[in-house]
Amino acid sequence: MRARVEAAPKFLNLLQIRFPIGAIASIGHRISGVLLVLSLPLLALALDRSLHSEAEFAVLRDLVSAPWRAVLLALLVWAATHHLLAGIRHLLMDVGIGSGLSQARTSAWAAIVAAAIVALIAAARWLA
Amino acid sequence: MRLSIYRFNPETDLKPRMQDYELAPEAGDKKLLDALMRLKTIDDSLSFRRSCREGVCGSDAMNINGRNGLACLTPLVGLKEPVVLRPLPGFPVIRDLIVDMTQFFAHYHSIKPYLINDTVPPERERLQSPAEREKLNGLYECILCACCSSFCPSFWWNPDKFIGPAGLLQAYRFISDSRDTATAERLAYLDDVYRLFRCRTIMNCTEVCPKGLSPSHAIERIRQALVRESS
Amino acid sequence: MRLFLGQRAWVLQRVTALVLLFLLALGAATLLTGPPLDYERWHALATSTHGAVLIVVFFAALGLHGWIGVRDIALDYIHAPMLRLALLAVVGVLLFAIVIRVVLTMAAHFAGGA
C-alpha cells in the first residue's frame with residue numbers, strides 16, 4: 001500500500017493549467033530578474049569602459065547600431081522595466097495597497113503591458 | 001455535453017489517461033457535480049469525492065478546464081466543452097479525480113488549528129467584542145478543500161515544506177483571534193524561509209478560492225505582524 | 001546564522017529594492033535635467049564624491065538583491081542540497097567580485113569634489 005502511494009502519479013502539466021494574470025506577471029518577474037542578474041557583469045564592464053575615454057564612451061552609446069545588439073538591449077530594457085514595475089506592485093501590495101484581487105489583476109495587466117510597450121518603443125527607435 | 005476526464009486506476013494502470021464522455025444532461029442538472037453523478041450511473045468505475053453537494057464539505061475540489069474549483073459550485077452553463085477534468089494539480093493521485101490529502105492536512109495540523117489559552121477559563125465563556133469577532137470574518141469560513149494550495153506554484157515546488165495558502169489562512173485565523181494567547185509562538189513558528197516565506201504573492205490562491213476568501217491577504221497580514229514583532 | 005532565514009531575507013530584499021528604486025529615480029532625474037549626456041558630463045558626474053559613492057551603493061544593493069532572488073529560485077527549483085549550495089556559492093562569489101570590480105573602477109577614476 002505504502003509503495004503504491006509513493007509511486008502515485010501527479011497531475012502537474014503546466015501547459016494544461018490556466019494561469020491567472022497575476023501568475024503571468026510573477027513568472028515574468030522571475031525571468032526578468034534572471035536576465036538582469038546575467039547582465040550585471042556587462043553593466044559593471046560598461047561602467048568601467050564608459051569612464052576610460054571619450055572614444056569608449058562613444059562605442060557604448062552607439063552599441064545599438066548593430067540590429068542584433070539592439071534587439072538584445074531591447075530585451076534588457078523589457079527585463080528592467082518589467083522587474084521594476086512588478087517590483088513596485090509587490091512593494092505596494094506588501095503594505096496593503098492594491099492587494100485586493102481585482103486591483104491586483106489590474107496592476108498585473110498594467111505592468112505586463114507597460115513593460116512590453118516600453119521595450120517595443122526602444123526596439124523601434126534603435127532599429128529604425 | 002462532452003467531457004474529457006483524467007482516469008487512473010492504480011490496480012490496472014501504469015500511467016494515467018484521458019477518457020472522453022458524451023452526456024445528455026437532464027433538466028435538473030445545474031452544476032458540474034450533477035453531470036458527474038449522472039456520468040457515474042453510466043460508468044460506475046469513475047471515481048471522485050463528493051458529499052454535501054453545496055460547497056460546505058469541500059470534498060469535490062478538482063481542476064476544471066485548467067482552473068481549480070468545486071464541482072458542486074461550478075454551473076454547467078458557460079463551461080467550455082469538452083469540459084476537461086483533472087485531479088488537483090501537484091497532489092498524488094489515488095484514483096481518477098481522488099487525490100491524497102495527507103500532506104495537506106499535516107500542514108494544517110502543524111499550525112495548531114485550535115484555540116490556545118492557558119489562562120483560567122471564566123465561569124461561562126471567553127467573550128469577544130463585536131469588533132474582535134469581526135476580525136475572524138473572511139478566515140473562519142475556509143472549508144479546507146485545497147483548491148488554493150493545489151493551485152499555488154510555491155506549493156508545487158515545496159509541498160513538504162511550504163505550509164501553503166490554506167494552512168496559512170488558518171494560521172492567521174488563530175493569530176487574529178482575541179481569545180488566543182499563543183500569537184508570539186505562532187508567529188515564531190511561521191518565521192521560516194519555507195513555511196511562510198516561499199509565498200511570492202502570485203495570488204493564484206485568492207483567484208480560485210470557491211468561498212471567495214483571500215489567503216494572500218492573510219499571508220500579507222502575517223508578514224506585517226512578523227515585521228512589527230521584530231522591530 | 002539567521003541572517004538569510006525567514007523574514008530577514010524577505011525584509012532585505014525589500015530594503016535593497018527601495019534603495020535601488022531611490023537611486024534609479026535620482027539617476028533618471030539627474031540625467032534628464034541639465035545638458036545632454038556626453039562623455040565630459042558623465043565623467044564629471046560619476047567621478048565626483050557623490051557620484052562614486054552612489055554608484056558603489058547601487059551595485060552593492062543590486063548584488064545583494066540579485067543574490068536573494070537567485071536564492072529564492074534555487075529554493076524553489078533545485079532540490080539537490082549540494083547542487084543548490086554550489087550554485088548559491090558560485091553566484092555569491094561572482095556577484096561579490098562584480099561589486100569589488102565596481103569599487104576598483106570608481107577608485108581608479110575618483111576625482112573627488114562634489
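Excluded from the calculations below are hydrogen atoms, water molecules and symmetry mates; all remaining heavy atoms, backbone and side chain alike, are included. Convention: sequence-line order gives letters A, B, ...; per-chain numbering from 1.
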### Task
Decide side-chain contact (heavy atoms from CB on, under 4.5 Å) for B:Tyr21 and B:Leu23; before the verdict, give the C-alpha distance in whole Å, the side-chain angles of both, and the deciding distance to 0.1 Å.
CA-CA 6 Å; B:Tyr21 290 96; B:Leu23 182 76; 5.6 Å; no
### Query
Could you state the interatomic distance from CG (B:Leu76) to CD (B:Glu81), rounded to the nearest 0.5 Å?
9.0 Å
### Query
Stepwise, does the side-chain contact (heavy atoms from CB on, under 4.5 Å) test hold for B:Val83 with B:Lys80?
CA-CA 6 Å; B:Val83 181; B:Lys80 204 170 133 276; over 6 Å; no
### Contacting moiety of B:Pro16, where chain A heavy atoms sit under 4.5 Å
side chain
### Task
With a 4.5 Å heavy-atom cut-off (strictly below), which parts of residues 13-49 of chain A touch chain B? List them by number.
A:Leu14, A:Gln16, A:Ile17, A:Arg18, A:Phe19, A:Pro20, A:Gly22, A:Ala23, A:Ser26, A:His29, A:Arg30
### Query
If you round to the nearest 0.5 Å, how far is CG of B:Asn68 from CG of B:Asn63?
5.0 Å
### Message
Distance check, rounded to the nearest 0.5 Å: B:Leu33 atom CG versus B:Asp60 atom CG?
### Response
5.0 Å
### Task
Heavy-atom pairs under 4.5 Å with chain A are the metric here; pick the option from B:Met203, B:Arg86, B:Arg67 that has the most.
B:Arg86
### Query
If you count heavy-atom pairs under 4.5 Å between each of A:Gly100, A:Ala104, A:Gly96 and chain B, which one has the most?
A:Gly96
#### Entry: Closest approach of B:Pro165 to B:Phe162 (non-hydrogen atoms, all atoms of both residues)
CD-CE2, 4.2 Å
### Query
Rounded to the nearest 0.5 Å, how far apart are CG of B:Leu70 and NZ of B:Lys31?
10.5 Å
#### Entry: Atom group of B:Thr201 that falls short of 4.5 Å from chain A, counting heavy atoms
both
#### Entry: Options B:Thr206, B:Val84, B:Asn204, ranked by heavy-atom pairs under 4.5 Å with chain A, top entry
B:Asn204
### Message
For B:Phe91, which atoms come within 4.5 Å of any heavy atom of chain A: side chain, backbone, both, or neither?
### Response
backbone
### Summary
So, the part of B:Arg223 with a heavy atom under 4.5 Å from chain A: the answer is side chain
### Task
Could you tell me the separation between the CG atom of B:Asp43 and the CG atom of B:Leu39, rounded to the nearest 0.5 Å?
6.5 Å
### Task
Mind ranking B:Lys15, B:Glu207, B:Glu220 by heavy-atom pairs under 4.5 Å with chain A and telling me who comes out on top?
B:Glu207
### Message
Please determine whether side-chain contact (heavy atoms from CB on, under 4.5 Å) holds for the pair B:Arg2 and B:Asp20, giving the CA-CA distance in whole Å, both sets of side-chain angles, and the decisive distance to 0.1 Å.
### Response
CA-CA 7 Å; B:Arg2 287 175 302 130; B:Asp20 292 332; over 6 Å; no
## Note on the structure
Rounded to the nearest 0.5 Å, the OG atom of B:Ser176 sits from the CG atom of B:Leu139 at a distance of 5.0 Å
### Task
Check whether NZ of the Lys or CZ of the Arg B:Arg95 lies under 6.0 Å from the centre of the six-membered ring of B:Phe48 and within 45 degrees of that ring's axis.
no
### Task
Could you label the plane-to-plane angle of the B:Phe105 and B:His109 rings as parallel, tilted or perpendicular, counting under 30° as parallel and over 60° as perpendicular?
tilted
### Message
Suppose a student defines contact as a heavy atom less than 4.5 Å from any heavy atom of chain B. Which residues in residues 60-78 of chain A would they list?
### Response
none
### Message
For a side-chain contact (heavy atoms from CB on, under 4.5 Å) check, start with the C-alpha distance between B:Ile163 and B:Tyr189, then their side-chain angles and the critical distance, and finish with the verdict.
### Response
CA-CA 11 Å; B:Ile163 289 176; B:Tyr189 179 73; 4.0 Å; yes
